[in-house]
Amino acid sequence: MTTSAQVETAGRPTEDRLDSTGSRFTRVLGVMVVLMLVMQLALALVISPPEVLQGDAVRLFYLHVPLAIAGGYLGVGLLAVGSIGYLWKRTIFWDLLAASAGELALMFTALTLLTGSLWGRPVWGTYWEWDPRLTLTAVLFVLLIGYRAMRTASTDPHLRARRSAVIGLLAAADVPLIRMSVDWWRGLHQTATLNPLNPSLDGMMLFTFFFSMVTFTVLFVWLLVHRFRVAWLEEQVADRALDEAITQRRAEGQETQ
Amino acid sequence: MWRDALLVAGKDLRIEARSKIALNQIAPFALVVLLLFAFALDPDRGFLQEATPGLFWIAVLLSTLLVVQRSYAVESADGGRDALRLTGLDPAGVFLGKAAAVFVVLAMLEVGLGVGVRLMYDTSLRGWPVLLVATVAATTGLVAAGTMYGALAAGLRVRETLLPLLFLPVVAPVMIGGTRAFAAALDGSSGEAWRWCGLLITFAVAYVALGMLLFEPLLEDS
Amino acid sequence: MWRDALLVAGKDLRIEARSKIALNQIAPFALVVLLLFAFALDPDRGFLQEATPGLFWIAVLLSTLLVVQRSYAVESADGGRDALRLTGLDPAGVFLGKAAAVFVVLAMLEVGLGVGVRLMYDTSLRGWPVLLVATVAATTGLVAAGTMYGALAAGLRVRETLLPLLFLPVVAPVMIGGTRAFAAALDGSSGEAWRWCGLLITFAVAYVALGMLLFEPLLEDS
Amino acid sequence: MEPVIHLRDAVTVLGRFPALAGVDLDVARGEIVLVAGPNGAGKSTLLRLCAGLAPLAKGTGQVLGFDLARQRREIRRRVGYLGHANGLYLDLSAEENVRFWARSVGAPPGDAVATLDRLEVASRWRGLAVAHLSAGQRRRTALACLVVRRPEIWFLDEPHTGLDAGSRDLLDSLVREAVAGGATALVASHELDRSAALATREIRIVGGVAGGVPGADERSDQPMGEC
Amino acid sequence: MEPVIHLRDAVTVLGRFPALAGVDLDVARGEIVLVAGPNGAGKSTLLRLCAGLAPLAKGTGQVLGFDLARQRREIRRRVGYLGHANGLYLDLSAEENVRFWARSVGAPPGDAVATLDRLEVASRWRGLAVAHLSAGQRRRTALACLVVRRPEIWFLDEPHTGLDAGSRDLLDSLVREAVAGGATALVASHELDRSAALATREIRIVGGVAGGVPGADERSDQPMGEC
Ligand code: HEM
Ligand SMILES: Nc1ncnc2c1ncn2[C@@H]1O[C@H](COP(=O)(O)OP(=O)(O)OP(=O)(O)O)[C@@H](O)[C@H]1O
Ligand SMILES: Nc1ncnc2c1ncn2[C@@H]1O[C@H](COP(=O)(O)OP(=O)(O)OP(=O)(O)O)[C@@H](O)[C@H]1O
Ligand SMILES: [Mg+2]
Ligand SMILES: [Mg+2]
């Protein structure tokens, strides 16, 4: 295994520094994320009032919904964008974007399921219900697992990129279904509350909610940038390892002659 | 494209006619699934009748999996999995051809299964036009999705296990749609049944289109 | 015999550790099956809770099928399906070894699945000792039967489709026994549960014995 | 005249391994090129690259004037490739396999039968499922599938494998005929004496790069050197 | 001395076809027998029969003193067979494959490494999954799996297939060594010149029956005849 330090001394100039996945921008972003998370927790757990019907259980709202939206829309959306980009341009950049987004989407979806279940216990009296939105979210979770399974199924980067792009694209089709499911099937799950004109949300709650949304979006972006850069650097290391390997491979011939 | 599709479909059906896998093995398998699940899910007839559409579609789904698996197994049985790529046939044609062959096999299977269900669970076939439309649409969707995911898994050493994993969640909507459409039709509420048919047709059209578009990169790769 | 069994089991587990099929593909597949059935069988909770044991065992059953398929696919992946015969290992040992490897994989899977069921269907785990015994016995039976039928189907070009057909009917008793034992245990009637365990244990012992006896002619044939 | 195969610094990566590490190659129409080299040198990969089956990771390449990176389907439909594996449909008979390939290029139906006759596919096993054929019979069937397409370039990867003496001679004459008719052939082989007699030029692949003619050291290992 | 292989009127039926139609054969310890004959003659079937892999439908046969009809397992554990297919575990590395075969006969662990060294399995691909190896590298691995078992009879079905010049020589010397150490070998091959140099005796199979030495007509087809 070539470490990043060795690669750097190998002396090929690039604009990327190889000793960290951060940059000024991401560090600032990181500090921001931490601060925002602290504030968000304060807002969600302490400052905002309990709800009339749900009591303190409503506090999961500020966790659950942003997670669902960041994972489902942002994550899967970028997965779809990356997949289309790859199929169109055939460059590794898009593949890595899709891969990073897919991985984070998997994580966020898992957390959505978890927070949703935890919320469901006090509110619906059950952890799980075969409600369309819940089920389709579980399906999305499995689709994302399938996406990852494909990524581990082959070591050939091109084959993997092509096939997982197709899978990513097809998996993304589940998200509109999740969105529409509450309207089409009328299960247990809330229909859209994200209506600015909705008067049922009191001012502090509304603010907390929007703040949570922003926080989790920024968190997602921050994680994505890092995940992507890790993948990108891995790719570059592999690229340099390839140059190295080509040299070695050529030397194979010299030895035998 | 149509010529290529015909060629591929003809080849696949000929192989099927030779080996008679669908008849001798997959059809009995589907029946076994019906029976077995009836066992597992409480042998209480009253409930079973309600669950009949679900069981029918589960049996069809698992059979589709086997038919698709077989359809790609014949491509790489002799070690080389390059044949279809080497022929230089039109990818959309290859997709349509393979899907058509799978469809034919599956349609025959469904007829047999339908008769089986009819006899075993004593279901009446009210509202058959909507049943027919729902069946054709759902089958088309299953077949198109199956053919695509079959190609996605083909050639990987892990294909036997990867295919079900990829395929089953994707066709969940077909399962729901098919089950609900059947249930509604058998209940006599054909209006609702037609609405579910709409979903099934949308799915089928979407997947056929996607397949024709996306099959190229799948055949392309090495 | 034991040495041979160890050798074969070690080899199979090493291949599994290399390819991580069970973890990456079969486990998610089992989850998908759970989800899918929940769809197909009407999302009515009252019934689902009753059907939980059945669903658990159906998922285990289908996973067993995949694990067994995979276990024999690795034997003939490289064209030759003679390796195990050529080694001259003791057939009973080969049987035990392959079965042990499948058992290990399946046991891990069941733990995962059990947790999944526990969460998804909100089942409480009353009477866990009998549950544990029933699970081990049923799994042993499934694995022993699967390993035998896998060998029967192995090497035939039609194995993907033949195996399910042969295997599913044979393990119907395990399905019933497992389901009933679970249902009884969860209902709190552990007396009945133990009686079903008896059936499962009988089946397991019978199939392990049969496997050790009959594996010789299975390996033998050309 | 423009070369039918033109590679510059072509790299093919399998997994993460550069099976081809920068190959330069020009082949003119009508040549029969023997590709020699030790095991694992990259001969098969080179043939697969040129046939549009393996990806081009770096460098440039044209085959029959088509770009190897972007127009692989155009290339594939014009070339024939016989690999280590035969890639036949085991449930179909030899004849049906050949018919399928014939129809894939729109060849007239008579061609299939003519090719089978030419390759001396005996009527006893012409209709037998390929699964039941012997190694050499399969190889001959695979060869017939290639011949019936009348490809412009023949990529033959150890084509003599499994063939008996008569079929080997037949294969050589088939290649010579095709080349006389305007085709080109690349033959990877370890049976250097037989292949050298067939080839008009030899290249040697070692460590994923193309060298010149094979060194004398390898030839002397052959029984021919001793006779 | 009792022959290690003794067949009388042996018939093997594959499907409904008598691939061997009454073979008489005696092989003494220490012989290297070349089995020649055209494609589909029954060479592979003969080797599989003697290795205890194909069934004996009629006639009688003993191998190493064990009956071919009833004691096939005893035979199998004492012989080595290299077929057209390699039968390796694709997910395991070359080294792990060899270790598995070594342990199957209870050979000491050091043997596996020694054999790999002997077969010049380079360390680059020794630990690589067999799925990623080239045709010749796989063949060498399969050969190592055979060698490590120290079988009493070596059944080699076209063993030179895919091997490069160096490995071919290595294979020949391995066979000679083994035979010097008390083993026996049956080699089916179409590379008559190379194999004839190795063999101490030749038999010819045509149409499922064993004839005498090969006719001169076939040999003259080889380039060697021309030199
Ligand atoms: C395991 C259980 C749950 C899952 C898988 C789940 C899933 C989701 C998903 C995917 C979304 C985003 C969909 C979208 O906005 O289009 C969402 C939003 C939401 N969820 Fe849940 N949820 C679960 C439980 C709950 C519970 C128990 C509640 C409260 C009673 C709840 C309330 C909400 C609300 C209010 C939204 C925002 C709706 C909107 O603005 O569109 N969820 N959930
Ligand atoms: N995924 C991979 N990882 C590492 N190395 C690989 C991978 N795939 C292929 N290789 C290597 O690439 C080379 C492929 O060579 P190729 O099959 O072209 O050889 P060849 O010249 O045809 O050899 P042979 O004469 O044995 O057929 C081999 O050395 C093989 O070990
Ligand atoms: N099921 C079957 N039905 C009819 N014929 C069969 C069947 N199985 C095998 N055969 C025939 O039996 C013969 C098997 O021969 P075998 O494989 O031993 O040939 P071989 O001498 O090794 O040939 P090669 O040199 O091509 O490897 C072939 O002619 C084949 O066509
Ligand atoms: Mg090669
Ligand atoms: Mg043979």
Side-chain angles (χ1 to χ4, degrees), chain A residues 80 83-90 94-95 98 106 109 130-178 180-181 183-187, chain B residues 54 72 81-82 85 91 95 141 144-177 179-180 192 195-196 198-199 202-222:
Chain A
S83 300
I84 293 176
Y86 180 80
L87 289 178
W88 184 27
K89 295 279 191 195
R90 301 283 165 115
W94 295 105
D95 179 49
L106 176 60
T109 308
W130 291 104
D131 161 275
R133 172 170 281 181
L134 271 56
T135 315
L136 283 172
T137 309
V139 167
L140 177 67
F141 178 65
V142 179
L143 286 171
L144 292 171
I145 289 183
Y147 180 77
R148 267 193 63 77
M150 174 54 89
R151 294 201 74 87
T152 57
S154 169
T155 50
D156 181 337
H158 292 280
L159 184 146
R160 191 181 65 188
R162 224 162 1 231
R163 294 193 180 190
S164 42
V166 174
I167 293 183
L169 212 51
L170 297 178
D174 189 42
V175 169
L177 275 183
I178 296 182
M180 305 312 292
S181 59
D183 301 328
W184 287 355
W185 285 288
R186 301 239 172 280
Chain B
Y72 284 94
R81 52 193 186 77
D82 302 319
R85 281 198 289 155
F95 171 75
T147 308
M148 275 208 66
Y149 283 93
L152 273 167
L156 300 176
R157 252 168 311 131
V158 296
R159 60 182 169 279
E160 290 101 343
T161 47
L162 187 59
L163 176 60
L165 173 58
L166 294 175
F167 177 64
L168 291 186
V170 170
V171 294
V174 179
M175 283 290 302
I176 309 174
T179 310
R180 296 295 173 88
E192 199 195 329
R195 241 175 302 126
W196 284 109
L199 173 78
T202 316
F203 187 94
V205 170
Y207 261 87
V208 171
L210 278 173
M212 290 175 63
L213 275 177
L214 294 180
F215 217 65
E216 164 124 40
L218 293 185
L219 268 193
E220 195 52 34
D221 66 18
S222 43

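Both backbone and side-chain heavy atoms feed into the values below; hydrogens, waters and symmetry mates do not. All chains are named by letter (A, B, ...) in the order of the sequence lines, taking the proteins before the strands, and each is independently numbered beginning at 1.
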Any side-chain heavy atom of B/M148 within less than 4.5 Å of one from B/F167?
->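 No, too far: nothing below the 4.5 Å cut-off.
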
Chain A heavy atoms under 4.5 Å from B/A151: which part of the residue, side chain, backbone, both or neither?
->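 Just its backbone gets close to chain A.
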
Which region of B/L152, side chain (C-beta onward) or backbone (N, CA, C, O), has a non-hydrogen atom less than 4.5 Å from a non-hydrogen atom of chain A, or is it both or neither?
->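 Backbone plus side chain of B/L152, per the 4.5 Å heavy-atom cut-off to chain A.
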
Salt bridge (charged side-chain N to carboxylate O under 4.0 Å, His left out) contacts in which one or both residues fall within residues 165-177 of chain B, not counting sequence neighbours =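 Sorted result for residues 165-177 of chain B: empty, none.
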
Minimum heavy-atom separation for A/V139 to B/A172, with atom names?
->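 For A/V139 and B/A172, the tightest heavy-atom pair comes out as CG2-CB, 4.5 Å.
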
Residue, of A/L170, A/V166, A/V142, that accumulates the most heavy atom pairs under 4.5 Å with chain B =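 Heavy-atom pair counts peak at A/L170.
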
Point-to-point distance, once rounded to the nearest 0.5 Å, from CG of A/L87 to CG of A/L169 =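 So the gap between those two atoms works out to 6.5 Å.
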
